[in-house]
Amino acid sequence: MSDLAGGKRVEVIYSAEDISSRLDELAREIAAKGIERPLVIAILKGSFVFAADLIRAMYRHGLAPEIDFLTLSSYRRGQQSSGQVTILRDLDLDVRNRNVVVIDDILESGRTLAFAKDLLSARGAATIYTCVLLEKKGARAVNVEADFCAFECPPLFVVGYGMDVSHRYRELPFVGHVAQR
Ligand code: IMP
Ligand code: MG
């Protein structure tokens with residue numbers, strides 16, 4: 001348990017140390033694929049902390065990725081997703097003939113990742129790998145899996161390490177669950 005400003009208590013699920021050592025392994029797995037001129041695409045906002053740490057872990061494993069950002073919205077109200085994904089802010093770079101690594105925070109229904117893969121494929125990306133921090137098993141509404149995944153996520157609404165509930169808790173250095181009182 002961790003006590004936050006404002007009196008909320010958060011149960012730590014994956015600590016900063018857990019995340020840091022797992023990201024090192026994940027970067028090694030990605031490096032082992034021998035991806036030529038990798039272009040990392042971080043899906044915002046939820047993956048910005050994960051992406052920032054992962055690209056530096058990739059550097060330590062000899063990779064020199066370019067990076068771009070794609071802001072998607074799944075019309076999430078509170079903790080429920082409506083299913084429709086839209087582009088809030090598009091990429092700057094051209095993905096045609098590029099080897100792309102898409103990074104997202106959580107794979108749940110799969111709609112966000114499937115949308116991103118379809119978009120990049122329609123724009124002519126040569127290869128598309130997907131990498132997520134967390135995967136919620138048994139929550140898929142569409143058939144999509146991640147090529148790389150750091151951790152399994154319990155069936156809870158999680159926050160921290162870039163992830164929010166109503167724009168809060170992104171700053172927490174760990175992945176946690178807000179305890180109900
Ligand atoms: P999907 O499109 O249903 O796979 O949902 C993926 C997106 O929903 C993620 O990129 C997250 O932004 C958000 N999401 C799903 N579960 C959680 C959660 O437990 N906490 C915070 N965000 C979540
Ligand atoms: Mg997200």
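Start at 1 and go down the list; that is how both ligands and their atoms are numbered.
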Are side-chain heavy atoms of Leu88 and Ser73 found at a separation under 4.5 Å?
->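 When only atoms from C-beta onward are counted, Ser73 and Leu88 do touch, with a gap below 4.5 Å.
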Tell me, do Val132 and Ile106 make a side-chain contact under 4.5 Å, heavy atoms counted?
->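 No, their side chains stay 4.5 Å or more apart.
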Region of [X] that comes within reach of ligand 1 [heavy atoms, distance under 4.0 Å]:
X	result
Ile43	neither
Asp105	side chain
Asp164	backbone

Considering non-hydrogen atoms only, spot the tightest contact between Asp18 and Ile13 and give its length.
->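 Here Asp18 and Ile13 meet closest at OD2-O, 4.2 Å.
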Can you name the nearest heavy-atom pair linking Ala51 to Ala42, along with the distance?
->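 Shortest heavy-atom contact: CB-CB, 3.7 Å.
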Would you be so kind as to tabulate the donor-acceptor pairs closer than 3.5 Å made by side chains of residues 144-156, with sequence neighbours excluded?
| from | atom 1 | to | atom 2 | distance (Å) |
| --- | --- | --- | --- | --- |
| Glu145 | OE1 | Arg140 | NH2 | 3.3 |
| Asp147 | OD2 | Thr130 | N | 2.8 |
| Asp147 | OD2 | Thr130 | OG1 | 3.3 |

Under 3.5 Å side-chain donor-acceptor pair for Asp104 and Ser47 |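 No, no side-chain donor-acceptor contact under 3.5 Å.
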With no hydrogens and no angle check, do the side chains of Asp53 and Tyr161 hold a donor and an acceptor under 3.5 Å apart?
->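 Distance-only check passes for Asp53 and Tyr161.
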Could you say whether the N/O atoms of Leu107 and ligand 1 ever approach to under 3.5 Å?
->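 The answer is no, given that Leu107 and ligand 1 share no N or O pair closer than 3.5 Å.
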Ligand 1 to Val158 polar contact by distance, N or O atoms, under 3.5 Å |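 N/O-N/O distance under 3.5 Å: yes.
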Under 6.0 Å from the NZ atom of Lys33, do we count more than 12 heavy atoms belonging to anything else shown?
->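 Atom NZ in Lys33 is not crowded, with 12 or fewer foreign heavy atoms closer than 6.0 Å.
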Using a 4.0 Å cut-off to any heavy atom of [X], which atoms of ligand 1 qualify?
X	result
Ser109	1 (P), 2 (O), 3 (O), 4 (O)
Leu156	19 (O)
Thr112	1 (P), 2 (O), 5 (O), 6 (C), 7 (C)
Asp104	10 (O)
Arg111	2 (O), 4 (O)

Would you say Lys136 touches ligand 1, if touching means a heavy atom closer than 4.0 Å?
->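 Yes, Lys136 has a heavy atom closer than 4.0 Å to ligand 1.
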Out of Leu72, Val144, Val85, Ile106, who gets a non-hydrogen atom closest to atom 6 (C) of ligand 1?
->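 Among Leu72, Val144, Val85, Ile106, the closest heavy atom to atom 6 (C) of ligand 1 belongs to Ile106.
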